[in-house]
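Computed from a prediction, not measured in an experiment: that's the story for all the values here.
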Amino acid sequence: MRSWSGFMIIILLLPIFSLLVFAVSAESQKVQGFHELLDEKLEIKEVSLPQTSYIKAGNGKVISEIYHPVNRISLSSGDIPPFLKDVFITAEDQHFYDHAGFDVAAIGRALAGKIHP
C-alpha cells in the first residue's frame, strides 16, 4: 500500500513539475542583463566618449561601463610596466631613443615602399 501511494503522489506531482519547468524556461528567456537594460533605458547612441565612463553605486563600486566607440582608459607613464614599454618600442621603433620624435629614414623607407611595391 505504501509503494502504491508513493507512485500516485509521483504521478500527481509530475504534471506540476513539468508546468514549473515550462514556466521557468519561459521566464528565463525574458531575462535581460544589467548592461542591456541600461542600454535600453539610456539613449547614448549619439555620444562619442573619448574614454570609458563609469556608473558607480552609492558605495563607489562600479556597476556599469559606457564606452562608445572605444573602450579607452587613461594611464600615467608610471602605471605602465617598463617591460610593456620596451615591448612596444621594440615592435614599433627600435631607434625610438635615437631620434627627436620622428625617424626620417623610416619615413623615407615607408614612402618608397608605397611608391614602388
Side-chain angles (χ1 to χ4, degrees):
M1 184 71 173
R2 185 181 243 178
S3 64
W4 184 82
S5 63
F7 285 127
M8 289 305 294
I9 291 173
I10 290 173
I11 290 173
L12 292 174
L13 290 178
L14 192 59
I16 295 172
F17 178 73
S18 299
L19 286 174
L20 183 64
V21 168
F22 178 74
V24 168
S25 173
E27 194 66 28
S28 69
Q29 292 176 356
K30 297 177 188 176
V31 172
Q32 283 184 322
F34 185 69
H35 296 290
E36 291 98 17
L37 183 64
L38 277 179
D39 289 342
E40 182 180 304
K41 299 292 182 185
L42 298 174
E43 295 292 330
I44 60 169
K45 294 178 182 162
E46 302 298 323
V47 176
S48 179
L49 301 172
Q51 68 183 40
T52 302
S53 295
Y54 299 100
I55 298 175
K56 295 184 177 183
N59 62 1
K61 182 179 177 184
V62 175
I63 57 174
S64 183
E65 298 178 3
I66 302 172
Y67 45 89
H68 290 284
V70 294
N71 188 5
R72 183 178 298 156
I73 299 170
S74 297
L75 295 175
S76 67
S77 180
D79 292 337
I80 302 171
F83 172 75
L84 188 59
K85 292 178 188 177
D86 292 340
V87 167
F88 277 103
I89 290 171
T90 302
E92 295 295 327
D93 186 4
Q94 292 85 7
H95 304 290
F96 179 77
Y97 295 109
D98 299 334
H99 54 73
F102 55 92
D103 189 358
V104 177
I107 293 171
R109 284 193 307 271
L111 289 174
K114 292 291 183 183
I115 295 171
H116 302 289

Val104, Leu111: one ILVMFWY side-chain cluster at the under-4.5 Å cut-off?
yes

Pairs of donor and acceptor atoms involving the side chains of residues 82-93, under 3.5 Å and at least two apart or interchain, shall be tabulated with distances.
{"from": "Lys85", "atom 1": "NZ", "to": "Ser77", "atom 2": "O", "distance (Å)": "3.0"}
{"from": "Lys85", "atom 1": "NZ", "to": "Ser77", "atom 2": "OG", "distance (Å)": "2.9"}
{"from": "Thr90", "atom 1": "OG1", "to": "Asp86", "atom 2": "O", "distance (Å)": "2.7"}
{"from": "Asp93", "atom 1": "OD1", "to": "His95", "atom 2": "N", "distance (Å)": "3.2"}
{"from": "Asp93", "atom 1": "OD2", "to": "His99", "atom 2": "NE2", "distance (Å)": "2.6"}

Exercise for the section: Give a yes or no answer on whether the side chain of Ser25 reaches the backbone of Val21 with a donor-acceptor pair at less than 3.5 Å. Expected result: no

CZ (Phe7) and CG (Leu12) are apart, to the nearest 0.5 Å, by 13.5 Å

Distance col, row Asp103:CG vs Arg109:CZ, nearest 0.5 angstrom, shows 6.0 Å

